[in-house]
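Okay, structure first, notes after.
Naming convention: chains lettered A, B, ... in sequence-line order (proteins, then strands); numbering from 1 in each chain. Since the model is a prediction, treat every value here as computed from it, not as a measurement.
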Amino acid sequence: MMTHRRILVTAALPYANGHIHIGHLTEYVQTDVWVRFQKLRGNQCIFICADDTHGTPIMMRARQEGRSEEALIAEMSEHHRRDFAEFHIDFDNYGSTNSEENRHLCGEIWKSLREADLVVEREIEQLFDPEAGVFLADRFVMGTCPNESCQAPDQYGDNCDVCGSTYQPMDLKDPVSTLSGAKPEVRPTKQLFVRIEQFHEFLEEWISTDNHVQPEIANYLKGQFLKDPLRDWDISRPTPYFGFEIPDSPGNYWYVWFDAPIGYIASTKQWCDGNDQQLDDWWKSESTEIHHFIGKDITYFHTLFWPAMLKSAGFQLPTAVHIHGFLTVNNRKMAKRDGTFVLARTYLNHLDPSALRYYLVSKLGSRLDNIDLNLEELVNKINADLIGKVVNLASRTAKFVQSVGLSAEYPEDGGLFHRAAALGDEIAEAYENLEYNKAMRLILSIADQANPYVEDAQPWVLRKDESKAQQLQDVCTVALNLFRQLVIYLSPVLPELREKTERLLNVTLDSWEASKTPQVGTPVAKFQHLMKRIEEKDVQAMIEESREANAAPKSQDSDEPLKAEPLAEQCTIDDFIKVDLRVARVVAAELIPEARKLLRLTLSLGGDETRTVFAGIKAAYQPESLVGRLVVCVANLAPRKMKFGVSEGMVVASGTGGEEVFLLSPDDGAKPGERVH
RNA sequence: GGGCCUGUAGCUCAGUUGGUUAGAGCAGGGGACUCAUAAUCCCUUUGUCCGGGGUUCAAGUCCCUGCAGGCCUACCA
């Protein structure tokens, strides 16, 4: 018998700025399955989550919608809760970072940081948007890359997409606020920093021991952050900011990444208050395990800052931070354009949540690989595995024993039940270690033995001979007991199947141990469908709706590009004329193997006039597809020395970069060398 | 440029501390059955285990190297 464990589990807090989509669901399903598994094993386990509600994006959106932040986050919370509930994601408490409990705990932890003398005040300069009246985070500023050899326009405030260099938003040339289009001013602000370097040795030790993080993550952190002194962590934001004002620093607010993880504790506190529990038993007790499930994008907050904060405030550190990869659909990044950016709600409009749960779980392992949702495979897998093999077992036998129930004693079955029970240990180990794909393989192997058993025993023949009634009952008793084992093993993934099976077999399947003892002598209810097949057309309809819901209305294009990059200030015709745009023909296009983004183009402006241009379009265009086509180039741009040679101009394109690059082409009839007026 | 990961049948993947003829599911082909949500069962085809070296009695499995793909991160390692 295993020891009774007390386990606290969290999933990342979804941001209150958007709806839940199937990418999010990978994490919540992974976590929910683990929690349900622990509960089934008899451990005391609670699943804690909350909405992450603070920060500039929430503030700006509320303003835009003309309502309070509180109204916005309250509505979002409703949506999130409903989506999760319908995907059978069952939190013990779902809170909000904008709660009194959280404010209080932030204060407590803050006090510990102060007392340990870990907080320093420093004056820094930040960009301020005079029109919107807010300080601008890096991503709210765009301008020209300050790198002399790059000068790419329209880059964010922290780094350049084109040359990859990093810099401060102050360094950008011609910066523009993406909120208002105004030119930001540089203003000094006093901000608070946490001297996290104090924890350097401790963190190095912590990430290297006891599987606190996956080995590849430990490796990454050591190589990426811990090899140098850790930089002070900028933990405050000046007013206006939607969040908690720092008690001993009026006008300053805690940065959202300070109060968000504390939200885990605050949400636990709410649960404790409602369940007669002591918070300290969960967050300050060595006998409690704490497991965080997060995506790889937020690794650094959870493996460096968070342990440091907990450590200094005397809280228990996580037992493990489990990090997973991202979800792709049909092997591509989810994209609105492809209809693969599917909201949880849109999925629910067309398909059974159990299907996605099973599919994701059958793909998930313990590593942080990305996982792919192949829609064709989804249909196939659900129908073949769950309907054809698992549910079919009950479907083909239950009605034969509807009137008599299960046999009074468990019949001879050639060791089938015993073997499946023994396999339970291995399945449990796979669940425990987050090797869900392995667990599903093992479980399905039971169904693969059960169906031939039924085939061989031929209950449909037995029932025609009244003298074989006992034999018939026995065969169905075996099949339904194997089915019952399957359902227990699958119940962390498919809670709905469990409930329906409980009704069919008149039992409660709330313990893993139950899989070891056969069920006998109980009545069997009238068989009803336990799960529906998936139809290809429903998947198609879901994709269509995702496309429509996200695409702009037909007569009107989306305002997103303009919002992302507001109009520049007015210029005169003289300004415009300075830029000599010419039609050019691509006469050669070469891959530069060492370059990540660049292609080397040779452009002809007619006659002998040519230009060599390095263009950041490698991800978007095949070189051979470019040769011969017409493009528009900036012909009088000052040459720039680049890593692979001198670039003598630019080709004109729109798009956000990467694969999203669209070259301009003149209509038919244009000739190389013609000026664009 | 650096770091990490991956590369096994058409597809998705298993292959335990190196040990006999390399496996499963799906797909494909053939057959059986009719209880079941056109479900199920049986039989069946396919592999330069990415390439090249090396260690070993023995390598998909260990070492080196090359190639390809993915992710992360940078003229700092």
What is the base-pairing partner of [N], counting Watson-Crick and G-U wobble geometry with both distances under 3.5 Å?
N      : answer
A9(B)  : none
A22(B) : none
C71(B) : G3(B)
U40(B) : A32(B)

**OP:** Identify, between Glu455(A) and Val391(A), the residue whose nearest nucleotide on RNA chain B lies closer to the 5' end.
**Re:** Val391(A)
Original post:
5'-most contact on RNA chain B: Gly388(A) or Asn437(A), nearest heavy atom basis?
Top reply: Asn437(A)
Integer angstrom distance from the [atom1] of [N] to that of [M]:
N      : M      : atom1 : value
C13(B) : C62(B) : C1'   : 23 Å
G1(B)  : U45(B) : C1'   : 48 Å
G10(B) : G53(B) : C1'   : 31 Å
A22(B) : C50(B) : P     : 15 Å

Report yes if at least one side-chain N or O of [X] is closer than 4.0 Å to OP1 or OP2 of [N]; otherwise report no.
X         : N      : value
Lys399(A) : A36(B) : yes
Arg441(A) : G25(B) : no
Arg533(A) : A39(B) : yes
Lys296(A) : G70(B) : no

Subject >> Closest nucleotide among U37(B), C35(B), C26(B) to the His529(A) side chain >> reply: U37(B)
Original post:
Which nucleotide sits closest to the side chain of Arg463(A): U12(B), U37(B), C35(B)?
Top reply: C35(B)
Original post:
Is NZ or CZ of Arg463(A) both nearer than 6.0 Å to the six-membered ring centre of Phe400(A) and within 45° of the ring axis?
Top reply: no
Could you tell me whether [X] contacts a base, only the sugar-phosphate backbone, or nothing, with contacts defined as non-hydrogen atoms closer than 4.0 Å?
X         : value
Phe326(A) : nothing
Leu393(A) : nothing
Lys438(A) : nothing
Asn392(A) : base
Pro459(A) : nothing

Subject >> Given Asn374(A), Leu373(A), Val379(A), the one that forms side-chain contact (heavy atoms from CB on, under 4.5 Å) with Glu377(A) >> reply: Asn374(A)
Original post:
Is the shortest side-chain N to carboxylate O distance from Asp352(A) to Lys532(A) below 4.0 Å?
Top reply: no
Original post:
Is a salt bridge present between Glu502(A) and Arg484(A), judged by a nitrogen-to-oxygen distance below 4.0 Å?
Top reply: no
Original post:
Between Tyr28(A) and Phe87(A), does a ring pair (Phe, Tyr, Trp, His ring centres under 6.0 Å) hold up when you go through it step by step?
Top reply: CA-CA 9 Å; Tyr28(A) 298 98; Phe87(A) 269 93; over 10 Å; no
